[in-house]
Colleague: 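Let me give you the structure first, and then I'll get to my questions.
One-based numbering, in listed order, for ligands and for the atoms of each.
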Amino acid sequence: MTTDPNQLLHLALRIVDELVPTLVSARNAGGLAVHTKTSGTDMVTEMDRWCEERIIEMILSDRPTDGFLGEEGGRREGTSPVVWIIDPIDGTTNYLYDVPGYSVSIAAEIHGEVTVGVVADPVRREVHSAIRGRGASRNGMPIRCSNKADPATALVGTGFGYQPERRVEQARVLTGVIGRVRDIRRMGGAALDLCAVAGGRLDAYYESGLNPWDIAAGGLIALEAGARVTDLDGQPSWTDTVVCAAAPLHDSFRQLLVTAHS
Ligand code: IPD
Ligand code: CA
Ligand code: CA
């Protein structure tokens with residue numbers, strides 16, 4: 001089975017092309033069945049589950065030996081070097097309320113390294129994508145992050161988790177940030193926030209408590225657009241706390257966050 005990143009990208013693009021129209025029409029039809037998961041605010045709709053099942057079906061019909069890790073429970077080790085990391089709807093709250101800022105996020109790891117990422121935004125009709133080492137694009141056009149260097153003039157995105165205690169802590173950290181930057185946006189979902197940094201629509205984004213499926217595709221897209229994507233210690237780890245910023249801004253912004261966390 002090939003591990004050519006171009007072919008993996010092509011498959012991911014084919015999948016989002018097929019799913020996005022159904023996602024939008026189901027939303028517009030209304031009456032979606034909704035359940036809660038880890039807390040009363042952590043929602044999952046019937047479309048999150050449908051979308052993940054369909055993504056996995058389409059992957060397996062082309063590539064039956066690949067592994068996958070999906071937010072809604074699709075897990076399999078596989079026997080090929082490729083593992084797909086799937087957030088079928090990132091930004092479910094936005095999706096449910098018809099607020100822009102939800103996406104389908106699909107990444108492919110090869111031998112444990114995220115190598116391909118696709119994030120499709122049905123509302124703006126934009127598909128962000130990247131292959132490691134080959135740059136990032138939006139609707140086929142190359143994108144670059146901003147060249148901002150000063151946190152005081154940085155537009156910063158963040159997000160909040162679903163556990164009340166975590167949110168209170170995130171609000172505390174935010175009070176240490178908001179007076180030191182241009183302004184804050186809470187747009188969501190995480191995948192599109194990372195793509196916003198990639199395309200210069202935000203100068204930086206940070207959030208704690210994220211999962212691999214929130215970060216994998218958008219993180220690669222931001223990285224390939226020239227951003228730095230690290231944890232709070234500046235290590236290139238893509239779980240839990242993510243600090244993503246234009247390269248000249250990253251160090252000073254991360255320091256600001258470290259202080260806000262203390
Ligand atoms: C959430 C979104 C949101 C972020 C949360 C995530 P979900 O993912 O990305 O913007 O702030 O931390 O859990 O639940 O909508 O897939
Ligand atoms: Ca998510
Ligand atoms: Ca999700």
Side-chain angles (χ1 to χ4, degrees), residues 15-16 19-20 23 26-27 32-56 68-75 84-107 114 117-124 128 156-171 173-174 177 184-198 201-202 204-222 229 231-232 238-244 257:
I15 293 172
V16 298
L19 297 191
V20 160
L23 215 51
R27 213 278 30 93
L32 290 170
V34 185
H35 301 276
T36 53
K37 297 194 287 184
T38 60
S39 77
T41 52
D42 185 3
M43 294 174 296
V44 57
T45 71
E46 59 189 295
M47 290 311 291
D48 294 74
R49 289 177 177 149
W50 174 84
C51 207
E52 180 164 310
E53 277 165 23
R54 191 69 198 112
I55 292 169
I56 290 173
F68 44 83
L69 169 67
E71 177 176 15
E72 305 310 338
R75 312 267 147 103
W84 296 84
I85 305 175
I86 304 157
D87 196 336
I89 304 180
D90 181 47
T92 295
T93 310
N94 286 344
Y95 177 67
L96 196 59
Y97 281 77
D98 202 13
V99 172
Y102 63 89
S103 66
V104 179
S105 172
I106 303 176
V114 179
V118 168
V119 175
D121 176 347
V123 176
R124 296 177 88 145
H128 301 83
V156 175
T158 191
F160 306 103
Y162 293 118
Q163 303 308 318
E165 320 74 55
R166 183 182 289 279
R167 288 181 164 187
V168 169
E169 171 58 12
Q170 287 171 320
V173 170
L174 186 58
V177 177
I184 293 288
R185 293 289 180 272
R186 195 288 188 249
M187 304 186 295
L192 280 179
D193 287 337
L194 289 160
C195 291
V197 176
R201 290 170 172 167
L202 289 173
Y205 161 75
Y206 76 97
E207 184 168 340
S208 54
L210 293 174
N211 290 295
W213 46 80
D214 300 311
I215 310 163
L220 179 67
I221 291 164
V229 188
D231 62 14
L232 202 54
W238 288 11
T239 48
D240 200 80
T241 300
V242 164
V243 183
C244 171
L257 281 177

Colleague: At what distance is the nearest protein heavy atom to atom 8 (O) of ligand 1, and which residue and atom is it?
Modeller: D90 OD1, 3.0 Å
Colleague: Kindly compute the distance separating CZ (R124) from CG (L192), expressed to the nearest 0.5 Å.
Modeller: 8.5 Å
Colleague: Counting non-hydrogen protein atoms only, what is the nearest one to atom 10 (O) of ligand 1? Give residue, atom name and distance.
Modeller: R186 NH1, 3.0 Å
Colleague: What is the closest protein heavy atom to atom 15 (O) of ligand 1, and at what distance does it sit?
Modeller: G91 N, 2.7 Å
Colleague: State whether the shortest distance between N or O atoms of T92 and N or O atoms of ligand 1 falls below 3.5 angstrom.
Modeller: yes
Colleague: Compare every heavy atom of V16 with every heavy atom of A120, then report the nearest pair and how far apart it is.
Modeller: CB-CB, 3.8 Å
Colleague: Side chain or backbone of L210 under 4.0 Å from ligand 1, or both, or neither, by non-hydrogen atoms?
Modeller: side chain
Colleague: Quick one: look at D214 and ligand 1, take heavy-atom pairs under 4.0 Å, and tell me if it's side chain, backbone, both or neither.
Modeller: side chain
Colleague: Please state which part of T93 comes within less than 4.0 Å of ligand 1, counting heavy atoms only: side chain, backbone, both or neither.
Modeller: neither
Colleague: I want to know if ligand 1 touches A190 in the polar sense, i.e. an N/O pair below 3.5 angstrom.
Modeller: yes
Colleague: I'd like to check which ligand 1 atoms, numbered from 1 as shown, lie under 4.0 Å from a non-hydrogen atom of G188.
Modeller: 10 (O)
Colleague: So how many protein N, O or S atoms does the Ca ion (ligand 3) have within less than 3.0 Å?
Modeller: 3
Colleague: Judged by modelled atom types alone, do S105 and D90 share a side-chain donor-acceptor pair under 3.5 Å?
Modeller: no
Colleague: With a cut-off of 4.0 Å, which atoms of ligand 1 are near a heavy atom of G159?
Modeller: 11 (O)
Colleague: Is a side-chain donor or acceptor of T158 paired with a backbone partner of Y206 at a separation under 3.5 angstrom?
Modeller: yes
Colleague: Looking only at distances, please establish whether an N/O atom of ligand 1 is found under 3.5 Å from an N/O atom of I89.
Modeller: yes
Colleague: Quick test: of every protein heavy atom, which one is nearest to atom 5 (C) of ligand 1, and how far off is it to 0.1 Å?
Modeller: E207 OE2, 3.3 Å
Colleague: Please identify which atoms of ligand 1 are closer than 4.0 Å to at least one heavy atom of G189.
Modeller: 2 (C), 9 (O), 10 (O)
Colleague: Please identify which atoms of ligand 1 are closer than 4.0 Å to at least one heavy atom of D87.
Modeller: 16 (O)
Colleague: Grab the two heavy atoms, one from V229 and one from C244, that are nearest each other, plus how far apart they are.
Modeller: CG2-SG, 4.1 Å
Colleague: Should the proximity of R166 to ligand 1, defined as any heavy atom under 4.0 Å, be assigned to the side chain, the backbone, both, or neither?
Modeller: neither
Colleague: Which is it for Y162 and ligand 1 at heavy atoms under 4.0 Å: side chain, backbone, both or neither?
Modeller: side chain
